[in-house]
Asks: 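There's a structure below that I have some questions on.
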Amino acid sequence: MSIQQFDLNDNIMYLKGVGPRRAAALEKLNIFSMYDFLTWYPRSYEDRRQITKICDISIGETAIVYGRISNITFRDIRQGLSVINAILSDGTGHLRIAWFNQKYLTEKLSSGMRLVIIGKVTRDSWSGSPMISSMNSFSILAPGEQPELGIMPVYRSTAALNQTFFRTAMKNLLNRMPPIEEILPSEITEDLHLISVDRAARAVHFPKDAEELFDARRRLSFDELFSIQCGLLLIKRQTQDEERGISHKKNGKLVKAALESFPFELTGDQKKAFKEICRDMEKSLPMRRLVQGDVGSGKTAVALLALVKAVAGGWQGAFMAPTEILATQHYELFTRMLEPLNIRVGLLSAKITRTKKMREEVYKKIADGELDIIIGTHAILQEGVTFKNLGLVITDEQHRFGVAQRAMLEKKAEMIPDMLVMTATPIPRTMTLTIYGDLDVSLIKQLPPGRKVVDTRARTGRSRKKIYEFVKDEILKGRQAYIVCPLIERSESGTLTYIEPATELYKKLSAGIFRSIPCGLIHGKLKPKDKDEIMEQFRQGKISVLVSTTVIEVGVDVPNATVMVVEYAERFGLSQLHQLRGRVGRGSEKSYCILISDSKEGIAKSRLEIMETTHDGFKLAEEDLKLRGPGQFFGENQHGLPDLKIADVFKDIEVLISARDAAEKYVTDDKNLEYFANLRKNLALAYGDKFRQITEA
Ligand code: ADP
Ligand code: MG
């Protein structure tokens, strides 16, 4: 490929060093294009500017050592624990190296090889001399290859794609990529002392020094947050349009009938939230409201009432769920509740509308107004879907939907539909203001009465056998259980604490203690189709024990599940554990949440103890913030927040505020706003004329 033709939108397969096989592995990480790869930002960095001589090494430090290995031995200590030992020599001394649970390395390592190892130096309990057994990383050098020095990026890697691959391929990409054109107006870059996007895009992968890295992260975070702020501003402007807003009818018979058909009375908080929603809906100014409510607080009932209210006035309503499973679940519930009221509910999902014909049938019904309420995933947003008169849109678990998607929905109708966003993630108030700046907030804090608290226990690994026996007992009573693991597969870098991944735990349990019980495995790397299939089987009770990663975290409702076991619980945030716990205790049976952790750290322990006594999601969120600091609060998947690749809304609060100010100050016309709201996408297109085409179009 010649440089002239280089385009960041090209398939990653064409990058030197990638090819079809690796491209397939990259796809699993959602990396499809050169751009996706370029924005696959390092997870962390390794300071490899200085190699330590073995004779100078001291216990407690994290050192980079370089030498030849010899005396390689392998030993199976007991089930689940094996070790490879070797000696590393660099001419100044010898150092013992140990790899735990990485048997596959026996085939890769051989005497005389040169290695660069980075890890924490500890004291060998046998000899008392220094050793490395907890490695951050290591690399085997090819003959003639020199150890690489500098600040090295560390990427999220997989079994198929290791660090060396990422580093080499990233260098290839950066070498071939022509300069990225600046897309921010110079007033902004100069005013805020932002480095150029081109320099930032490169330096974030291979920074010269800490300062350059800081500047690069700041610039890229700015772009990300700025695009969000522009999006919010754009939406706000578009929606402050009374002429295009809908005044829904005051509550009449239909809403009353729906209320009466519930097998329960609304809680005070549900009533209050619904009242706020009604007030907004009846106004001609479009509603933009966020309903925050703890898991199980009964947001769905409120959503249903709002939809009925819209339908009562002759409008259509749409309800978007983040996954097919949840969409189907809601569809079933809504159909059951609303058919007696003669409200027509339809489901729009990739599964139901597999063929073009089926799809078009549903589309037609939506367009003709033959369906009153449409439930679906983001399939609802697809081009082919036009509503006859969409009056209300509800999105469930907002963090799966971006600002751009919200804007897209608004374009679908002549009149701007009212919009309601539901989220179970407690978001600190400052966050709500900056990230959901365009939304008003209703809170549902109260849980429905009679809700039994989930009996929560923190236990160590020593009780594992007893815990599994307990799970078995529950299954024999006809219940179901979740067992959650933090990892999917064996990870590359070995650490001293072994984490049994979901895939292996599943194998072990389904062949062992749960031999006679139908087990299932679900994780994020499965195809959506397979995930749905397994979830469906669990829902129908065909699977009794579901081993899983956190993919089951949101929304799944299986009332018959009464046990949630979380392995290596110290690895999860409190809010996350609370979400997981919310998956059980949904039926009439007593439910249990067992948190297994062997962590000896005081913080980890006290965190898990808090879980035993606290059942309020908002309180847990606060505790989490206190204990772990804001940076880690949302965990890796940035709950409740737009999908951010680099910015951290807590640490980068200064950047967030400048981004908001800049959006308000500099971007005055709507076209510009729209362009910058798509900033990240536009970065990929920012070559030559394309920039102008977009801004002038
Ligand atoms: P959320 O979506 O907020 O997590 P759901 O709407 O799924 O919660 O409600 C959880 C459960 O509580 C459902 O089974 C629902 O039928 C029930 N529920 C909702 N509101 C009430 C109420 N006011 N009283 C009793 N049960 C309720
Ligand atoms: Mg309104």
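All values below come from the heavy atoms of this structure, side chains included, with hydrogens, waters and symmetry mates left out. Each ligand, and each atom within it, is numbered from 1 in the order the structure gives.
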Asks: Only heavy atoms of Thr267, strictly under 4.0 Å: list the atoms of ligand 1 that pass.
Replies: 23 (N)

Asks: What protein heavy atom sits nearest atom 4 (O) of ligand 1, and how far off is it?
Replies: Gly296 N, 2.7 Å

Asks: Closer than 4.0 angstrom: is that true for some heavy atom of Ser297 and an atom of ligand 1?
Replies: yes

Asks: From atom 14 (O) of ligand 1, is the closest protein heavy-atom distance below 4.0 Å?
Replies: no

Asks: So is Arg289 actually on top of Phe274's ring, under 6.0 Å and inside 45° of the axis?
Replies: no

Asks: Phe319 and Phe334: aromatic ring centres closer than 6.0 Å?
Replies: yes

Asks: Within a radius of less than 6.0 Å around CD of Glu469, do more than 12 heavy atoms belonging to other residues, nucleotides or ligands occur?
Replies: yes

Asks: Looking at Lys271, I'd like to know if its NZ atom is crowded, meaning that more than 12 non-hydrogen atoms belonging to other residues, nucleotides or ligands lie closer than 6.0 Å.
Replies: yes

Asks: Give the residue, atom name and distance (to 0.1 Å) of the protein heavy atom nearest atom 3 (O) of ligand 1.
Replies: Lys299 NZ, 2.8 Å

Asks: Which residue supplies the protein heavy atom nearest to atom 12 (O) of ligand 1, what is that atom called, and how far is it?
Replies: Arg451 NH2, 2.8 Å

Asks: Would you mind listing which atoms of ligand 1 come within a distance below 4.0 Å of any non-hydrogen atom of Leu266?
Replies: 23 (N)

Asks: For atom 16 (O) of ligand 1, what is the nearest protein heavy atom, given as residue, atom name and distance?
Replies: Phe264 CE2, 3.5 Å

Asks: Please write down residue, atom name and distance for the protein heavy atom closest to atom 20 (N) of ligand 1.
Replies: Gln270 NE2, 3.0 Å

Asks: Within the structure, does Gly298 bring an N/O atom to less than 3.5 angstrom of an N/O atom in ligand 1?
Replies: yes

Asks: State whether the side chain of Asp396 and the backbone N or O of Met320 hold a donor-acceptor pair below 3.5 Å, judged by distance alone.
Replies: no

Asks: Could you state the interatomic distance from CG (Leu447) to CD (Gln270), rounded to the nearest 0.5 Å?
Replies: 10.0 Å

Asks: What are the two closest heavy atoms between Gly317 and Leu307, and how far apart are they?
Replies: CA-CD2, 3.7 Å

Asks: Decide, yes or no, whether a salt bridge links Glu533 with Lys542 under the criterion of side-chain N to carboxylate O below 4.0 Å.
Replies: no

Asks: What are the atoms of ligand 1, with element, lying closer than 4.0 Å to any heavy atom of Thr300?
Replies: 2 (O), 5 (P), 6 (O), 7 (O)

Asks: Counting each atom of ligand 1 from 1 as listed, which ones have a heavy atom of Glu265 under 4.0 Å away?
Replies: 22 (C), 23 (N), 24 (N)

